[in-house]
Amino acid sequence: MGFKHTPVMPDEVVYFLKCESGGLYIDGTLGGGGHTARILEAAEPDGRVIGIDHDEDAINEARENLKNYISRVTTVKGNFADIKGILGEMGITGVNGIVLDLGVSSYHLEKPERGFSFRFEGPLDMRMDRSKDRTAREIVNKLREKELADIFRQYGEERWANKIAKAIVKRRKVGQITTTTELADIVCSSIPARYHPRDIHPATRTFQALRIVVNDELRNLERAIDDGVHLIKSGGRFVVISFHSLEDRVVKERFRALERGCICPLDFPECRCGKKPVLRIITKKPVIPSPSEIMSNPRARSAKMRAAERI
Ligand SMILES: C[S@@+](CC[C@H](N)C(=O)[O-])C[C@H]1O[C@@H](n2cnc3c(N)ncnc32)[C@H](O)[C@@H]1O
């Protein structure tokens with residue numbers, strides 16, 4: 001199966017990035033190349049994109065999907081958190097915009113062997129970058145009950161975290177938990193049926209929490225924003241699409257901090273840190289997809305886009 005992925009809010013991405021001919025844009029989450037293709041079209045005839053993804057499959061698929069733009073796109077296998085190093089090695093000091101479309105793609109979710117989905121039986125993996133060692137299986141089978149509960153609570157906002165962690169540890173006594181469906185069953189049976197959420201699968205929050213930890217998603221996002229902003233030329237834009245409240249909170253807080261500049265305590269009579277504002281927030285509230293987009297692309301349902309301009 002190919003890396004079928006319909007880009008979320010493509011018109012909004014192109015609009016907020018202010019794509020134009022001659023521009024150089026970074027797509028930090030290349031995926032199947034959906035956003036990159038739209039950026040390249042909007043920046044004809046000679047705008048360029050550097051597309052980064054830490055998943056080898058995504059890179060291969062994007063190369064195939066972007067064949068028609070080959071002279072204007074460069075693909076890099078890497079983590080967007082390393083954006084400074086990646087661009088540094090390429091000798092690039094300034095770009096016109098950066099876009100991040102966070103999380104997993106439909107491709108990841110539909111491939112049972114990647115272990116992201118509770119709907120299909122697969123190994124408990126969840127690594128986006130398969131050159132990394134730590135899988136969800138290791139976390140689920142090795143961490144202590146309290147550590148597991150903390151992860152489910154903090155990164156899944158799961159109110160049944162303690163019960164789920166307890167059930168996992170109990171189940172481990174008879175053998176390792178190795179598959180996605182085994183874990184999903186344990187989660188389902190830890191939450192009383194009358195409290196099963198109506199709109200999502202009961203294991204959604206637990207799987208989200210594990211995925212965030214396996215891929216260090218929130219820290220990567222913070223690093224990408226803090227370092228990426230300094231690589232954008234004055235007037236260029238930073239656009240981020242997030243899919244759950246924890247990601248959106250990181251984007252909102254980092255953008256606000258970079259807009260504020262000074263980090264001195266409020267009761268200091270004058271600034272001692274010397275930090276100056278580097279961003280101006282463009283979207284006071286997050287931009288959300290239109291109802292018709294959500295109808296045609298259910299993945300867009302929980303998307304929130306925020307954009308800021310480099311001062
Ligand atoms: C939602 S998909 C992007 C889809 C893409 N915008 C498109 O239109 O085809 C997210 C992609 O980002 C990649 N990704 C997630 N976190 C990453 C990170 N820290 N560094 C590099 N790539 C990352 C995933 O491997 C996945 O391919």
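Given the structure is predicted, the values throughout are model-derived calculations rather than measurements. Counting starts at 1 for both ligands and their atoms, following the listed order.
Where the criterion is an N or O separation shorter than 3.5 Å, residue side chain and backbone included, Asp55 fails it with respect to ligand 1. Looking at Gly34 next to ligand 1, an N or O pair under 3.5 Å apart turns up. Below 3.5 Å of separation, one finds an N or O of Gly32 facing an N or O of ligand 1. Remark: ligand 1 and Phe80 share an N or O pair separated by less than 3.5 Å (distance only, no angle test). An N or O contact shorter than 3.5 Å links Asp101 to ligand 1 by distance. In terms of polar-atom proximity, Asp27 is not counted as a contact of ligand 1, lacking any N or O under 3.5 Å from an N or O of the ligand. For the pair His54 and ligand 1, the shortest N or O to N or O distance falls below 3.5 Å.
Judged by the 6.0 Å and 45° rule, Arg159 forms a cation-pi pair with Tyr195. In this structure, Arg272 forms a cation-pi arrangement with Phe268, its terminal cationic atom sitting closer than 6.0 Å to the ring centre and no more than 45° off the ring axis.
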**Message:** Please determine whether salt bridge (Lys or Arg N to Asp or Glu O under 4.0 Å) holds for the pair Arg171 and Glu182, giving the CA-CA distance in whole Å, both sets of side-chain angles, and the decisive distance to 0.1 Å.
**Reply:** CA-CA 10 Å; Arg171 165 66 180 69; Glu182 268 180 280; 2.4 Å; yes
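Residue His108 places a heavy atom under 4.0 Å from ligand 1. Heavy-atom distances between Ala81 and ligand 1 stay at or above 4.0 Å for every pair. Heavy atoms of Gly78 come nearer than 4.0 angstrom to ligand 1 in at least one pair. Put simply, part of Val104 is less than 4.0 Å from ligand 1, judged by heavy atoms.
Heavy-atom contacts of Gly28 reach the following atoms of ligand 1: 21 (C), 22 (N) (cutoff under 4.0 Å). The distance from ligand 1 to the heavy atoms of Gly33 drops below 4.0 Å at these ligand atoms: 9 (O). The Asn79 neighbourhood of ligand 1 comprises atoms 18 (C), 19 (N), 20 (N), 21 (C), with distances under 4.0 Å to a heavy atom of that residue. The Arg299 neighbourhood of ligand 1 comprises atoms 1 (C), with distances under 4.0 Å to a heavy atom of that residue. Remark: ligand 1 atoms within the under-4.0 Å shell around heavy atoms of Pro7 are 8 (O). Interface of Ser105 with ligand 1, defined as ligand atoms under 4.0 Å from a residue heavy atom, comprises 2 (S).
Follow the hydrophobic side-chain contacts under 4.5 Å out from Ile186 and you reach Leu148 in the same cluster. Taken together through direct or relayed side-chain contacts under 4.5 Å among Ile, Leu, Val, Met, Phe, Trp and Tyr, Val240 and Ile311 form parts of separate hydrophobic clusters. The cluster map of Ile, Leu, Val, Met, Phe, Trp and Tyr, joined by side-chain heavy atoms under 4.5 Å apart, puts Leu246 and Phe207 in the same cluster.
Only the backbone of Leu102 comes within 4.0 Å of ligand 1, counting heavy atoms alone; no side-chain atom from C-beta on gets that close. Counting heavy atoms closer than 4.0 Å to ligand 1, residue Leu30 contributes backbone atoms (N, CA, C, O) but none from C-beta onward.
Of the listed residues (Asp53, Asp129, Leu221, Asn220), the one carrying the non-hydrogen atom nearest atom 26 (C) of ligand 1 is Asp53. Scanning Thr29, Thr6, Ile52 for the heavy atom closest to atom 3 (C) of ligand 1 points to Thr29.
By the 4.0 Å N-to-carboxylate-O rule, Arg223 lies too far from Asp216 to be salt-bridged with it. Of the charged side-chain nitrogens involved, at least one lies within less than 4.0 Å of a carboxylate oxygen, so that Asp57 and Arg114 count as a salt-bridged pair.
Asn96 and Arg237 share no side-chain donor-acceptor pair at under 3.5 Å. Side chains of Thr36 and Asp27: a donor-acceptor N/O pair is present below 3.5 angstrom, by distance only.
Residue-environment remark: CZ (Arg48) stays at or below the threshold of 12 foreign heavy atoms within 6.0 Å. Within a 6.0 Å sphere centred on NZ of Lys77, other residues, nucleotides and ligands contribute more than 12 heavy atoms. Other residues, nucleotides and ligands place no more than 12 heavy atoms under 6.0 Å from the OH atom of Tyr155.
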